[in-house]
Amino acid sequence: MNRINPAKLRNSKWTAVTPRNREKHFLVSDIEFDEEGVVISCQLEAVLSKNHYPIDWTELKNNEKWIQGWK
């Protein structure tokens, strides 16, 4: 499991273990918090195509799907 601090998630870099549509490298482009500091929404931006994808931020903890950094 990747350890993630939600406060440091914005602009973090991620590599998809199984790329789709030639999209492998991503940046966390947007993240929203509620009043208690709980993550409401998270959005990834593909580096190659600039497409945006909503994602459950806890999914980034899964080592079988995501690697922290660009590999």
Side-chain angles (χ1 to χ4, degrees):
M1 294 287 278
N2 293 318
R3 293 186 63 182
I4 302 172
N5 181 348
K8 296 181 179 181
L9 198 54
R10 186 181 310 273
N11 295 325
S12 61
K13 300 172 183 177
W14 295 89
T15 301
V17 172
T18 54
R20 291 187 211 160
N21 300 328
R22 295 180 13 179
E23 296 173 335
K24 181 176 182 176
H25 298 110
F26 296 85
L27 284 171
V28 176
S29 61
D30 190 29
I31 188 162
E32 293 183 31
F33 299 93
D34 66 6
E35 297 82 28
E36 290 88 35
V38 177
V39 176
I40 298 172
S41 68
C42 182
Q43 192 164 16
L44 291 179
E45 178 183 347
V47 174
L48 182 65
S49 65
K50 304 294 185 204
N51 290 332
H52 289 86
Y53 302 99
I55 187 172
D56 177 9
W57 76 275
T58 57
E59 192 174 312
L60 295 173
K61 293 181 180 182
N62 187 344
N63 287 344
E64 295 175 4
K65 293 183 179 181
W66 296 99
I67 301 170
Q68 195 166 15
W70 290 343
K71 309 286 182 203

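The figures that follow rest on heavy atoms only: side chains count, while hydrogens, waters and symmetry mates do not.
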Listed by chain and number, what are the side-chain contact (heavy atoms from CB on, under 4.5 Å) partners of [X], not counting sequence neighbours?
X: Val17; result: Ile67
X: Glu35; result: none
X: Pro6; result: Phe33, Val39, Trp57
X: Tyr53; result: Glu23, Phe26, Ala46, Asn51

About how many Å separate CG of Leu60 and CD1 of Ile55, when rounded to the nearest 0.5 Å?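 The distance works out to 4.5 Å.
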Just how far is it from atom OG of Ser41 to atom CD1 of Ile31, taken to the nearest 0.5 Å? 7.5 Å
Derivation of the side chain to side chain contact (heavy atoms under 4.5 Å, CB included) call for Val28 and Lys13: CA-CA 7 Å; Val28 176; Lys13 300 172 183 177; over 6 Å; no
Restricting to side-chain hydrogen bond (donor to acceptor under 3.5 Å, both in side chains), what partner residues turn up for Thr58, sequence neighbours left out? Asp56
Side-chain heavy-atom pair Leu27, Leu44 within 4.5 angstrom cut-off: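 They are not in contact (no side-chain heavy atoms under 4.5 Å apart), so the answer is no.
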Going by heavy atoms in the side chains, are Asn21 and Ser49 under 4.5 Å from each other? no
Nearest heavy-atom pair of Lys50 and Val47: which atoms, and what distance? NZ-O, 3.6 Å
Suppose the criterion is side-chain hydrogen bond (donor to acceptor under 3.5 Å, both in side chains): which pairs have a residue in residues 60-71, not counting sequence neighbours?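 Of all non-adjacent pairs touching residues 60-71, those that pass side-chain hydrogen bond (donor to acceptor under 3.5 Å, both in side chains) are Asn2-Asn63.
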